[in-house]
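Below: the structure, in structure tokens.
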Amino acid sequence: MDQTIAWFTEQLAAHQIILDERQLAQLERYYELLVEWNEKMNLTGITERDAVYEKHFYDSISLSFFVNMKDIKKLADIGSGAGFPSIPLKIVFPHLQVLIVDSLNKRINFLNHLVNELGLEQVEAIHGRAEDVARLPKYRDAFDLVTARAVARLAVLNEFCLPFTAAGGIFASMKGASLAEELQEAAYSLSELKGKVVQQYELKLPNEQSERHIVCVKKLAATPKKYPRKAGLPLKQPLVK
């Protein structure tokens, strides 16, 4: 076992996550495809192997340190980019049914190729704006867990993500820097979209020591009919007071 994998498996084992050979092979193939496709299109600024394992794979899987994935059946990842955090989570927790929404069709093509190459089942990658996809009855108020990783400010993310979240479900926003200011700003959007902050977690990446913050928002009731507003509006005119 090489050094990167030894380090990675040791870090996960500290959180009672043990990967088998197939899962490790899937992650390694993911890394290879990420680097290969990144030469043709911009998927990530991080391509060095150790860094991908820490800043993308470990960082994505870290959500499971705080949210019990055994209780989650349906996961939606909004603005997923190159598949983070949903694809590493799917590899580690194969029972998850995953929806990925991204507005760039090139990224969706990559994700569909990736899912195919890795032999992942029950993963659907959709090209579209979150505001439009959340209006479709199949996806509205339908997911136990919704995630977004470093996509936008919380006041905006609430409108992107809470419409996908089932009543009683959780929207987990994965962020870098501290969130005190964003949380204050997000108060109005939370009340409008029937969400309530229930937990905040912070961790540091083991090697790099950069901070990560996860805010868990519980969905209290179904999304009001008027939300989300039409595509583009949440970013231009966030729900703030």
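Model, not experiment: these values are computed from the prediction.
- No side-chain heavy atom of L162 sits under 4.5 Å from any side-chain heavy atom of K194.
- Residues F66 and V198 fall within the same hydrophobic cluster, defined by Ile, Leu, Val, Met, Phe, Trp and Tyr side chains chained together at heavy-atom separations under 4.5 Å.
- Panel note: side chain Q23, backbone D20; a donor-acceptor pair is recorded below 3.5 Å.
- F57 and Y30 have tilted rings, their planes meeting at an angle from 30° to 60° on a 0 to 90° scale.
- The shortest side-chain heavy-atom distance between K138 and E124 falls under the 4.5 Å cut-off.
- The local environment of CD in Q209 is crowded, with over 12 non-hydrogen atoms from other residues, nucleotides or ligands closer than 6.0 Å.
- Closest approach of K175 and E182 over heavy atoms only: NZ-OE1, 3.1 Å.
- In this structure, L154 is not a member of the same hydrophobic cluster as L220, with clusters built from ILVMFWY side-chain heavy atoms closer than 4.5 Å.
- A155 approaches A186 most closely through the heavy-atom pair N-CB, 4.0 Å.
- Smallest separation of non-hydrogen atoms from A172 and L63: CB-CD1, 3.7 Å.
- Atom OG1 of T165 and atom CG of L145 lie 8.0 Å apart (nearest 0.5 Å).
- Transitive grouping of hydrophobic side chains (ILVMFWY, heavy atoms separated by less than 4.5 Å) keeps L43 and L104 in distinct clusters.
- When side chains are defined from C-beta on, V98 does not count as touching Q122, because their heavy atoms never get closer than 4.5 Å.
- Between I87 atom CD1 and S80 atom OG the span is 6.5 Å, to the nearest 0.5 Å.
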For a side-chain contact (heavy atoms from CB on, under 4.5 Å) check, start with the C-alpha distance between L19 and L27, then their side-chain angles and the critical distance, and finish with the verdict. CA-CA 10 Å; L19 302 183; L27 286 166; 3.8 Å; yes

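- E48 CD: more than 12 foreign heavy atoms inside a 6.0 Å radius.
- Under a 4.0 Å N-O distance rule, the pair R149/D59 qualifies as a salt bridge.
- A donor-acceptor contact under 3.5 angstrom links the side chains of R212 and S210, judged on distance only.
- Nearest heavy atom pair, residue I78 against residue A148, reads O-CB, 3.7 Å.
- One distance of note links NZ of K90 with CG of L118; it measures 11.0 Å at 0.5 Å rounding.
- Separating the CG atom in L111 from the CD1 atom in I126 is a distance of 12.0 Å, to the nearest 0.5 Å.
- Distance check, rounded to the nearest 0.5 Å: CD1 of I72 to CG of L89 gives 10.5 Å.
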Would Y227 and F160 count as a ring-ring contact (aromatic ring centres under 6.0 Å, His included) if you check the C-alpha gap in whole Å, the side-chain angles of each, and the deciding distance to 0.1 Å? CA-CA 9 Å; Y227 295 117; F160 284 165; over 10 Å; no

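- Side-chain contact between L75 and M69 is absent, with no heavy atoms from C-beta onward closer than 4.5 Å.
- Using a 4.5 Å heavy-atom cutoff, the side chains of V217 and I170 are not in contact.
- Remark: F171 CZ to C161 SG distance equals 4.0 Å, nearest 0.5 Å.
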Apply salt bridge (Lys or Arg N to Asp or Glu O under 4.0 Å) to K73 and D144, showing your working. CA-CA 7 Å; K73 190 177 174 192; D144 310 311; over 6 Å; no

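- A side-chain donor-acceptor contact under 3.5 Å links E54 to the backbone of N207.
- No option in L239, L157, V240 other than L239 meets the side-chain contact (heavy atoms from CB on, under 4.5 Å) test with S189.
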Apply side-chain contact (heavy atoms from CB on, under 4.5 Å) to residues L99 and K74 and explain how you reach the verdict. CA-CA 8 Å; L99 170 73; K74 295 176 76 181; over 6 Å; no

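- Crowding of E117 atom CD: a count of heavy atoms from other residues, nucleotides or ligands under 6.0 Å exceeding 12.
- The aromatic rings of Y31 and Y53 are tilted relative to each other, their planes meeting at an angle between 30° and 60°.
- The hydrophobic clustering, which links ILVMFWY residues whose side-chain heavy atoms are closer than 4.5 Å, places M41 and I46 together.
- Under 4.0 Å is where a charged nitrogen must lie from a carboxylate oxygen, and between K230 and D132 no such pair does.
- Contact annotation: the side chain of D2 approaches that of R49 to within less than 4.5 Å [non-hydrogen atoms, C-beta and beyond].
- Under the 4.5 Å side-chain contact rule for hydrophobic residues, L190 and L235 share a cluster.
- When side chains are defined from C-beta on, S62 does not count as touching Y201, because their heavy atoms never get closer than 4.5 Å.
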When you look at E208 and K55, which way does the side-chain contact (heavy atoms from CB on, under 4.5 Å) test go after all the steps? CA-CA 9 Å; E208 204 212 27; K55 295 182 189 176; 3.0 Å; yes

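- Side chains of S103 and H127: no donor on one and acceptor on the other come within 3.5 Å.
- Residues D102 and G81 come closest through the heavy atom pair OD2-N, 2.9 Å.
- Sparse packing is recorded around CD of E181, with 12 or fewer heavy atoms of other residues, nucleotides or ligands lying under 6.0 Å away.
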Using the rule given for side-chain contact (heavy atoms from CB on, under 4.5 Å), can you reason through W37 versus H113, listing the C-alpha separation, both sets of side-chain angles and the distance that settles it, and then say yes or no? CA-CA 10 Å; W37 280 62; H113 180 75; 3.6 Å; yes

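- No more than 12 heavy atoms of other residues, nucleotides or ligands lie within 6.0 Å of NZ in K241, so this atom counts as exposed by the packing criterion.
- Judged by distance alone, the side chains of N38 and T47 never bring a donor and an acceptor atom under 3.5 Å apart.
- Note on ring orientation: taking the six-membered ring where Trp is involved, the planes of Y139 and F143 are parallel (angle under 30°, cut-offs 30° and 60°).
- Summarising the geometry of E192 relative to P224, their closest heavy-atom pair is O-CG, 3.3 Å, with the distance given to 0.1 Å.
- With contacts defined as side-chain heavy-atom distances shorter than 4.5 Å, the pair Q200/H213 does not qualify.
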